[in-house]
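Step one of this worksheet: look at the structure below.
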Amino acid sequence: MISEFQMNMKKKLNKALGFQKSHSTKQWVNKISSSKTKNNDENGGHDLSMIIARTRSNPPLELTIDAASSTSSDDSIYNSWVVEHPSALDSFDRMIKAAKGKKIAVFLDYDGTLSPIVDDPNRAFMSDEMRAAVREVAKYFPTAIISGRGREKVKEFVQLGNVYYAGSHGMDILAPPRPVKACDGKYHTVVAGKKGSEVLFQPAKKYLPAIQEMITELEEETRKIHGASVEDNRFCVSVHYRQVREEDYNILQEKVKSVVKNYPEFHWSEGKMVMEIRPSIEWDKGHALEYLLDTLGMSNSNDVLPLYIGDDRTDEDAFKVIERRGQGFPIIVSSIPRETRASYSLHDPSEVLNFLLRLAKWSKSTSSSRPLAQIWGI
Ligand SMILES: O=P(O)(O)OC[C@H]1O[C@H](O[C@H]2O[C@H](CO)[C@@H](O)[C@H](O)[C@H]2O)[C@H](O)[C@@H](O)[C@@H]1O
């Protein structure tokens, strides 16, 4: 099934690549292969032929579009996408004007947002500059990192004490040191494991034994595939293939599928050169955002503007929540056109840094923005 966005992008691509009418994948591949390759984060610096080969054997159109757009020397496709998803940097003054008299809560994804995408997931370090910017922002606004990584691991990378952490795509939240709003049954699975005055919320706890078992099986199954690695993200699992040879991708996918099919309560989805396996519960980054707003006492207020910056498909769940609330700033980080629910865009983590610096500077300069410690009494 091709979505309207994909149809439009296909039309634009055909136009940009000089095709008179819609072309087949094969024709695109030939055209794309002969054009100059522009290395970019989205493709992880991989040879585009790898993506194209995958597209042929397992054709998600989005990949074809990613590959094609990243090779085009004509930036017109990206530019027309940015018209629909304006740069958050260019829109900063307008956003700030809309935020006047309202409370902003900041939510940040980690990989590809605060840190650049790199080959080795264990080396996805955040720069000191980025850390300082997040620290500064968190002085003025409640700030949370919502990542697909394990919570402890993302905290090790971020190393900040004044932000909240939600790991495993929101399935592991260490909630704010604020009184949790009276439970109305909505969060009946809350684990009352306390750490200081913070409350631990782990809605997928019962799946831990199955996840550990699955990790052992996945490691065993993928051991012989050069470059593949399995990452334990506590309540979910990542199987990385960024460093896998193109001819091994299909076999890796088959192996992963063969393991996951024995766990009917789990499903897998594709991230950036990663297969992410999660329990099939109704809980995602969007729910985590709502949960955090709730624990911050900011869920029902009309004067709250959640700002969420993320780069991957799982961040779309959070964008959707902001869209549904009708207020807030969903910002996608992408250097290529993407189908998204986000209203704004930033090109890459360096633009995220500039945006956060600007936000921090603005908060510091406005008399109405008092440091968070005074506002929340923490
Ligand atoms: O929600 P996020 O914080 O964005 O986490 C999503 C996945 O990010 C990591 O993988 C991605 O970044 C790696 C390091 O740059 C890169 O090597 C990999 O190809 C990307 O998919 C993380 O390692 C995964 O576990 C997360 O699911």
Side-chain angles (χ1 to χ4, degrees), residues 39-46 50-51 54 63 66 107-127 130 134 143-158 160 163-173 204 211 214-215 218-219 222 227-244 246 249 252-253 256 266-279 283-289 308-319 331-335 338 340 342 346 348-350 352:
N39 206 352
N40 90 17
D41 273 347
E42 234 70 30
N43 297 325
H46 263 65
M50 182 168 170
I51 295 163
R54 282 177 195 158
L63 277 186
D66 288 1
F107 299 91
L108 304 163
D109 166 52
Y110 184 72
D111 289 279
T113 297
L114 297 180
S115 69
I117 295 291
V118 293
D119 281 350
D120 181 355
N122 293 316
R123 302 195 60 78
F125 303 119
M126 182 179 170
S127 69
M130 184 69 95
V134 176
T143 301
I145 315 284
I146 306 185
S147 171
R149 302 256 189 179
R151 178 172 50 80
E152 300 286 352
K153 197 155 171 185
V154 77
K155 192 172 179 185
E156 259 172 49
F157 278 131
V158 176
L160 288 174
V163 303
Y164 309 122
Y165 294 91
S168 312
H169 296 289
M171 289 182 283
D172 188 6
I173 307 178
I211 291 169
M214 196 194 302
I215 288 174
L218 285 167
E219 282 172 346
T222 61
S229 65
V230 178
E231 187 180 4
D232 179 349
N233 286 338
R234 189 109 213 267
F235 295 99
C236 50
V237 188
S238 288
V239 179
H240 292 276
Y241 58 88
R242 189 168 290 279
Q243 307 203 64
V244 167
E246 62 174 274
Y249 172 75
L252 175 68
Q253 197 196 56
V256 170
F266 288 78
H267 69 280
W268 70 279
S269 56
E270 285 272 359
K272 287 186 170 171
M273 299 220 164
V274 67
M275 291 172 229
E276 294 172 319
I277 302 143
R278 294 193 267 167
W283 196 269
D284 53 37
K285 287 186 172 188
H287 294 95
L289 184 150
Y308 187 105
I309 312 182
D311 74 312
D312 216 342
R313 283 183 206 175
T314 57
D315 299 308
E316 292 294 330
D317 297 316
F319 297 153
I331 306 173
I332 187 165
V333 183
S334 185
S335 56
R338 294 255 299 274
T340 181
L346 289 167
D348 49 36
S350 72
V352 175

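Just follow the structure's listing: the first ligand is 1, and inside any ligand the first atom is 1. Numbers here simply count residues along the sequence, with the first being 1.
- For Asn233 and Ser238, the side-chain atoms include at least one donor-acceptor pair closer than 3.5 Å.
- In this structure, Tyr110 and Phe157 have parallel ring planes: the angle between them is below the 30° cut-off, well short of the 60° mark.
- Asp284 places a side-chain N or O within donor-acceptor distance of the main-chain N or O of Gly286, the cut-off being under 3.5 Å.
- A side chain to side chain contact (heavy atoms under 4.5 Å, CB included) with Ile331 holds for exactly one of Asp311, Asp315, Ile309; it is Ile309.
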Begin from the C-alpha positions of Lys272 and Asp312 and carry the test salt bridge (Lys or Arg N to Asp or Glu O under 4.0 Å) through to its verdict. CA-CA 7 Å; Lys272 287 186 170 171; Asp312 216 342; 5.5 Å; no
Contacts table for ligand 1: protein N or O within a distance under 3.5 Å of ligand N or O, distances only.
unit_1   : atom_1 : unit_2 : atom_2 : d
ligand 1 : 1 (O)  : Asp109 : OD1    : 2.8
ligand 1 : 1 (O)  : Gly148 : N      : 2.8
ligand 1 : 1 (O)  : Lys285 : NZ     : 2.7
ligand 1 : 3 (O)  : Asp109 : OD1    : 3.0
ligand 1 : 3 (O)  : Tyr110 : N      : 3.4
ligand 1 : 3 (O)  : Asp111 : N      : 3.1
ligand 1 : 3 (O)  : Asp111 : OD2    : 3.4
ligand 1 : 3 (O)  : Ser147 : OG     : 2.7
ligand 1 : 4 (O)  : Asp109 : OD1    : 2.7
ligand 1 : 4 (O)  : Asp109 : OD2    : 3.2
ligand 1 : 4 (O)  : Asp111 : O      : 3.2
ligand 1 : 8 (O)  : Asp111 : OD2    : 3.1
ligand 1 : 15 (O) : Val118 : N      : 2.7
ligand 1 : 15 (O) : Val118 : O      : 3.3
ligand 1 : 17 (O) : Val118 : O      : 2.5
ligand 1 : 19 (O) : Arg242 : NE     : 2.6
ligand 1 : 19 (O) : Arg242 : NH2    : 3.1
ligand 1 : 19 (O) : Lys272 : O      : 3.0
ligand 1 : 21 (O) : Lys272 : O      : 2.5
ligand 1 : 23 (O) : Glu231 : OE1    : 2.6
ligand 1 : 23 (O) : His240 : NE2    : 3.2
ligand 1 : 25 (O) : Glu231 : OE1    : 2.6
ligand 1 : 25 (O) : Asn233 : ND2    : 2.8
ligand 1 : 25 (O) : Ser238 : OG     : 2.8
ligand 1 : 27 (O) : Ser238 : OG     : 3.2
ligand 1 : 27 (O) : Glu276 : OE2    : 2.5

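- The residues Lys153 and Glu231 are annotated as salt-bridged, a charged nitrogen and a carboxylate oxygen being separated by less than 4.0 angstrom.
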